[in-house]
Amino acid sequence: MKVLSIQSAVAHGHVGNSAAVFPLQRIGVEVVPVPTVNFSNHTGYGAWRGPLIPPPDVAEILLGVEERGVFPQVDVVLSGYQGSVGIGDVIVDVVRRVKAANPSAVYACDPVMGNARSGCFTAPEIPHLLRDRVVPVADIITPNQFELGFLTGTEPASIESTLASADLARAMGPSTVLVTSVERPDREEGTIEMLVVDGAGAWLVTTPHLPFKANGSGDVTAALFTAHYVATKDAAVSLERTASSVFDLIETTYRSGERELRLVQAQEFYAAPRMQFSTEQVR
């Protein structure tokens, strides 16, 4: 499998491509990483250095990759945080070109815009760009519950309302929706859930919720789920593998006392997931 991953890059820590590339490589996926920023660290620190890559420069990198004859080999285009409307336009255009070169290729979009606790943390125009122009051309999307609500104009909370919101999102264009953080009021205390919906049904997985903010864990989740799903075409198995790997990554980081993901230390959990969590079919 070959993944064209268009995301941010940081020197210190693990977010964007600096989070997604190594786990994908560790499960045997060839990655073509294209940076959209080149920062010293993620913005959660409140200060960082380094440039945003201007959209025309990102487009030039992608054109060079295309000129090397790579696009027919690309199985997945993967995108995460989009820092500007211009980057969104570049991604939509390259998805069109990749699919022209390889009609079986899929586009997986992590529609990063915010969360329920902090609200939107992107530029004001980004959520509308994602909803109106990017998500409709995606095959797989991986929003959290807050992002799913914005995309569909709903307020998902229960399993039933989250399923209904996922159905609305699928009606926008994507065939598969992974909701990466379902926090329903009636869930067991100390847990968090993920929900995947595709044409074959819907499955829920429950894991312990560690009291720890793990920057980049969503990027790892989107990358691993997409790779497993494209390889297996089985949403339940892909969700179980992803939940297993990501939980062990977060737990390894939490136990270390470090702020940044212990991405290298947890590498065996990507290559050989423990499969300690089982999905429940909810539809």
- Query: Judged by modelled atom types alone, do Thr206 and Glu193 share a side-chain donor-acceptor pair under 3.5 Å?
  - Reply: yes

- Item | From Phe146 atom CZ to Glu155 atom CD, the distance as rounded to the nearest 0.5 Å | 10.5 Å

- Item | Check: Phe39 ring centre within less than 6.0 Å of His42 ring centre | no

- Item | CG on Leu24 to CG on Leu78, rounded to 0.5 Å | 7.0 Å

- Item | Donor + acceptor pair across side chains of Thr36, Tyr81 (<3.5 Å) | no

- Task: Could you tell me whether a side-chain N or O of Glu240 sits under 3.5 Å from a main-chain N or O of Thr279, the two making a donor and an acceptor?
- Result: yes

- Look up atom CD in Gln82 and atom CD in Glu125, then write down how far apart they are to the nearest 0.5 Å. 11.5 Å

- Query: Okay, side chain of Gln281, backbone of Arg283: is any donor-acceptor separation there less than 3.5 Å?
  - Reply: yes

- Message: Looking at Arg184, is its backbone amide N or carbonyl O close enough to the side chain of Arg187 to form a donor-acceptor pair, meaning the two atoms are under 3.5 Å apart?
- Response: yes

- Message: Quick one: does any side-chain atom of Gln145 pair with a main-chain N or O of Glu183 as donor and acceptor, under 3.5 Å?
- Response: yes

- salt_bridge(Lys233, Asp198) N-O dist < 4.0 Å: no

- Query: Any side-chain donor-acceptor pair under 3.5 Å between Ser175 and Asp139?
  - Reply: no

- Message: Under 4.5 Å between side-chain heavy atoms, counting indirect links through other Ile/Leu/Val/Met/Phe/Trp/Tyr residues: same cluster for Val31 and Val95 or not?
- Response: no

- Task: Kindly say whether Gly16 contributes a backbone atom to a donor-acceptor pair with the side chain of Asp219 at under 3.5 angstrom?
- Result: yes

- Note on the structure: In short, Ser5 meets Asn17 closest at the heavy-atom pair OG-OD1, 2.5 Å

- Query: What pair of heavy atoms forms the shortest contact from Leu148 to Pro143, and how long is it?
  - Reply: N-CB, 3.8 Å

- With side chains defined as the heavy atoms from C-beta onward, is the minimum distance between Ile140 and Leu178 less than 4.5 Å? no

- Do Leu130 and Val58 belong to the same hydrophobic cluster, where Ile, Leu, Val, Met, Phe, Trp and Tyr are linked whenever their side-chain heavy atoms lie under 4.5 Å apart, directly or via other members? yes

- Message: Please determine whether residues Val246 and Phe22 belong to a single hydrophobic cluster, defined as Ile, Leu, Val, Met, Phe, Trp and Tyr linked transitively by side-chain heavy-atom distances below 4.5 Å.
- Response: yes

- Among side-chain atoms of Thr221 and Thr180, is any donor-acceptor pair under 3.5 angstrom? no

- Are the side chains of Leu4 and Val34 in touch, meaning some heavy atoms are under 4.5 Å apart? yes

- Please round to the nearest 0.5 Å and tell me the distance separating atom OG of Ser79 and atom CD1 of Ile91. 4.5 Å

- Heavy-atom closest contact (Phe212 atom, Ile250 atom, distance): CD2-CG2, 4.1 Å

- Verify side chain to side chain contact (heavy atoms under 4.5 Å, CB included) between Val179 and Thr162, making sure each step is shown before the conclusion. CA-CA 8 Å; Val179 188; Thr162 304; 4.2 Å; yes

- Item | Residue pair Thr242 / His228, side-chain heavy-atom distance below 4.5 Å | yes

- Taking Asp75 for its side chain and Lys2 for its backbone only, find out whether a donor-acceptor pair lies under 3.5 Å. yes

- Query: Do the side chains of Leu129 and Leu52 join up, straight or via other hydrophobic residues, at under 4.5 Å, putting them in one cluster?
  - Reply: no

- Item | Lys213 and Arg259, any side-chain heavy atoms less than 4.5 Å apart | no

- Message: Could you check whether atom CD of Gln276 has more than 12 heavy atoms from other residues, nucleotides or ligands sitting under 6.0 Å from it?
- Response: yes

- Heavy-atom side-chain proximity of Val74 to Val3 below 4.5 angstrom: no

- Message: To check you understand the geometry: which heavy-atom pair defines the closest contact between Ala243 and Val205, and what is its length?
- Response: CB-CG1, 3.9 Å

- Here the pair of heavy atoms bringing Pro273 nearest to Arg241 is CB-O, 4.0 Å

- Show your reasoning for whether side chain to side chain contact (heavy atoms under 4.5 Å, CB included) applies to Met194 and Leu204. CA-CA 6 Å; Met194 290 196 288; Leu204 187 75; over 6 Å; no

- Query: Any Lys/Arg nitrogen of Glu66 or Arg97 sitting under 4.0 Å from an Asp/Glu carboxylate oxygen of the other?
  - Reply: yes

- Message: Can you tell me how the ring of Tyr45 sits relative to the ring of His12, calling it parallel under 30°, perpendicular over 60° and tilted otherwise?
- Response: tilted

- Step through the shown structure and confirm whether more than 12 heavy atoms of other residues, nucleotides or ligands are within 6.0 Å of CD on Glu188. no

- Message: Any side-chain to backbone donor/acceptor pair from Asn144 onto Val112? Under 3.5 Å, distance only.
- Response: no

- For Val196 and Phe225, what are the C-alpha separation, side-chain angles and deciding distance, and is it a side chain to side chain contact (heavy atoms under 4.5 Å, CB included)? CA-CA 10 Å; Val196 64; Phe225 175 80; 3.6 Å; yes

- Task: Could you tell me whether Tyr254 atom OH has more than 12 heavy atoms of other residues or ligands within 6.0 Å of it?
- Result: no

- Mind checking the CD-CG spacing from Gln7 to Asp110? Nearest 0.5 Å is all I need. 7.5 Å

- Message: As an exercise, state the distance from CG of Leu224 to OG of Ser238, rounded to the nearest 0.5 Å.
- Response: 10.5 Å

- Message: Does Gln25 form a side chain to side chain contact (heavy atoms under 4.5 Å, CB included) with Tyr270? I'd like the steps, not just the answer.
- Response: CA-CA 10 Å; Gln25 292 171 330; Tyr270 325 136; over 6 Å; no

- Message: I'd like to know if the side chain of Thr253 and the backbone of Leu261 have a donor-acceptor N/O pair within less than 3.5 Å.
- Response: no

- Message: Do the side chains of Asp248 and Arg255 get close enough for a salt bridge, i.e. N-O under 4.0 angstrom?
- Response: no

- Distance-only polar pair, side chains of Ser161 and Ser158, donor-acceptor under 3.5 Å: yes

- Indicate the atoms forming the closest heavy-atom contact of Leu163 with Ala202, along with that distance. CD2-CB, 3.5 Å

- Query: Side chains of Glu251 and Leu210: does their closest heavy-atom pair fall under 4.5 Å?
  - Reply: yes

- Between Met1 and Tyr107, is there a shared hydrophobic cluster once you connect ILVMFWY residues whose side-chain heavy atoms come closer than 4.5 Å? no

- Message: Given 3.5 Å as the limit, does a donor-acceptor pair link the side chain of Ser245 with the main chain of Phe269, or not?
- Response: yes

- Non-hydrogen side-chain atoms of Ile61 and Leu63 separated by less than 4.5 Å: no

- Query: Do any N or O atoms from the side chain of Glu147 and from the backbone of Met113 form a donor-acceptor pair under 3.5 angstrom?
  - Reply: yes

- Message: Any heavy-atom pair between the side chains of Thr154 and Leu168 that's under 4.5 Å?
- Response: yes

